Protein chains: 2
Amino acid sequence: MVRQREFDVDQALEDAMHIFWSKGYEATSLSDLTAGMGIQRPSIYSAFGDKKELFEAALRKYTAAHAAQARSRLLHGESVKEAFRRYFEGIVEESYADPQNRGCFCINTMVEMAPHDEKFEILTREHEMYLGAIFQEAIERGLRSGELHTGVDARSLAQTLVVSLIGLTVMMKARPERSFVDHSVEVILTLIQ
Amino acid sequence: MVRQREFDVDQALEDAMHIFWSKGYEATSLSDLTAGMGIQRPSIYSAFGDKKELFEAALRKYTAAHAAQARSRLLHGESVKEAFRRYFEGIVEESYADPQNRGCFCINTMVEMAPHDEKFEILTREHEMYLGAIFQEAIERGLRSGELHTGVDARSLAQTLVVSLIGLTVMMKARPERSFVDHSVEVILTLIQ
DNA sequence: ATCATAACATACCGATCAGTATATAATGAT
DNA sequence: ATCATTATATACTGATCGGTATGTTATGAT
């Protein structure tokens, strides 16, 4: 009945996600987007709405993937302590390996957008809370199995680990020496006993 | 010999600092600056150089004041543990009390600028390192006085507290529940024994 | 074959961007 | 009083911003 779309909407959104992730919202122009997504301006507007709606869709795609990754890394395997160690060290490793130094898209958005845009304040908060719930689940698994016997409650510990991970991720933007990061990870992991 | 300046350069820089602190670099326009600083465009350029140079001067002013404040809060008083507690709780309190939710100018810059501007990568890293040195000094004071007897070395602990503080400050941007933050502060402070 | 529909590409919109040219006003040395 | 110097205010520059109007092309139902 009608002409069909010539581009893959999901792939275009993925492309947009990487652009916004690299440059943030303000610094990304519509021209950056059309160039990176390989489609023209009206195609963006018809498929995703305006710039901010596209940004929101891109962020949602990111947080969904990011949460799924955290889930799979922390809720499988035998040792919870080892899972957390691998998770934190993995974040550090990926961060050093990224020449663009993008960090976490959700954290970037929290800093850039949350203070003056309630939608993103809520969206980013809920993602971090969800991450905290995943951490808590992992800790409780360790408590049940007898691997862990921590003094503080699982919820508080999980939330503290979220805070620590945010701090670590942000600190990586300034490219600190390896020893700084490695020692910090060690000390943070001592919280998990 | 020549006409003298009609505005206070230091006050104008202070004004610029607050604007950049609120809105970040990209989202701040020259018009925002002229309006907030109460001077005209050519006055900015003649006194401070271009937008990025003004931003750098504003950030340097902020970090100097920020470091001095950390120093005075942590290196005076009897109990080091209490000093850290007051310092962390003060950050949280100020953050909740700020309707603009600006957080820390240096951290904001780390997220927005450091990944693609080496000058700000270095500048922000050095500030965080300096903050770490202040923390370390406080911890070593507590070790000497016998108040503290921590397992990990003072340097690693100090760096971890910097990371935690960054995480806490960034998390505040998403306006989490008080219990989240309070519990996190409690757990973080257990590192200082 | 015709036609309604919608995706496409191009070119445009007014607004705003960072930065500057120009002209005027103030200053102090002479 | 004159003059060089520099701060001031206004108005402008070309470039770019987010967003859209317009005309063309492809599609499938009839």
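Labels below follow one simple rule: chain letters A, B, ... track the order of the sequence lines, proteins then strands, and each chain is numbered from 1. Quick caveat, the model's predicted, so the values are computed rather than measured. Values below: every heavy atom of this structure, side chains too, minus hydrogens, waters and symmetry copies.
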message: Quick one about B:Asp32 and B:Ser29 (side-chain donor to acceptor, distance below 3.5 Å, no hydrogens or angles considered), yes or no?
response: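 Looking only at side-chain atoms, B:Asp32 and B:Ser29 do form a donor-acceptor pair, the distance falling under 3.5 Å.
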query: With a 3.5 Å cut-off and no angle check, do the side chains of A:Ser179 and A:Asp182 form a donor-acceptor pair?
result: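 There is no such pair (donor and acceptor under 3.5 Å, judged by atom type) between the side chains of A:Ser179 and A:Asp182.
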query: Mapping B:Lys52 and A:Phe7 to their closest nucleotides on DNA chain C, which lands nearer the 5' end?
result: A:Phe7
For [N], does either OP1 or OP2 sit under 4.0 Å from a side-chain N or O belonging to [X]?
X       : N      : answer
B:Ser31 : C:dC17 : yes
A:Ser43 : C:dC8  : yes
A:Ser29 : D:dT16 : no
A:Ser46 : C:dA6  : no

Find the distance [X]:[atom1] to [N]:[atom2] and express it as a whole number of Å.
X       : N      : atom1 : atom2 : value
B:Phe55 : C:dC17 : CZ    : P     : 17 Å
A:Leu54 : D:dG19 : CG    : C1'   : 14 Å
B:Glu26 : D:dC17 : CD    : P     : 10 Å
A:Asp32 : D:dG18 : CG    : C1'   : 12 Å
A:Leu33 : D:dT16 : CG    : P     : 16 Å
B:Leu30 : D:dG14 : CG    : C1'   : 15 Å
A:Tyr45 : D:dT22 : OH    : C1'   : 17 Å
A:Ile44 : C:dA7  : CD1   : C1'   : 14 Å

A:Leu157 with B:Leu191, same ILVMFWY side-chain cluster at under 4.5 Å: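 Cluster IDs for A:Leu157 and B:Leu191 match.
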field: A:Glu93 bridged to A:Arg178 by N-O distance under 4.0 Å
entry: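 Answer for the salt bridge query: yes.
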message: Closer than 4.0 angstrom, basic N to acidic O: yes or no for B:Glu121 and B:Arg125?
response: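 Yes, B:Glu121 and B:Arg125 are salt-bridged.
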- line: In B/S/- notation (B base, S sugar-phosphate only, - none; protein heavy atoms under 4.0 Å), nucleotides 21-26 of chain C written 5' to 3' is B---BB
task: Would you state whether a donor and an acceptor, one from the side chain of B:Arg41 and one from the base of C:dA18, lie under 3.5 Å apart?
output: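 Answer yes: a donor N or O sits under 3.5 Å from an acceptor.
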message: Consider ring-ring contact (aromatic ring centres under 6.0 Å, His included). Of B:Phe20, B:Phe105, B:Phe55, which one does B:Tyr62 pass it with?
response: B:Phe105
query: What do you reckon, are the aromatic ring centroids of B:Phe120 and B:Tyr25 less than 6.0 Å apart?
result: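 Between B:Tyr25 and B:Phe120, which both carry aromatic rings, the centre distance is not below 6.0 Å.
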message: Taking any heavy-atom pair under 4.0 Å as a contact, classify A:Thr28: base, sugar-phosphate, or nothing.
response: sugar-phosphate
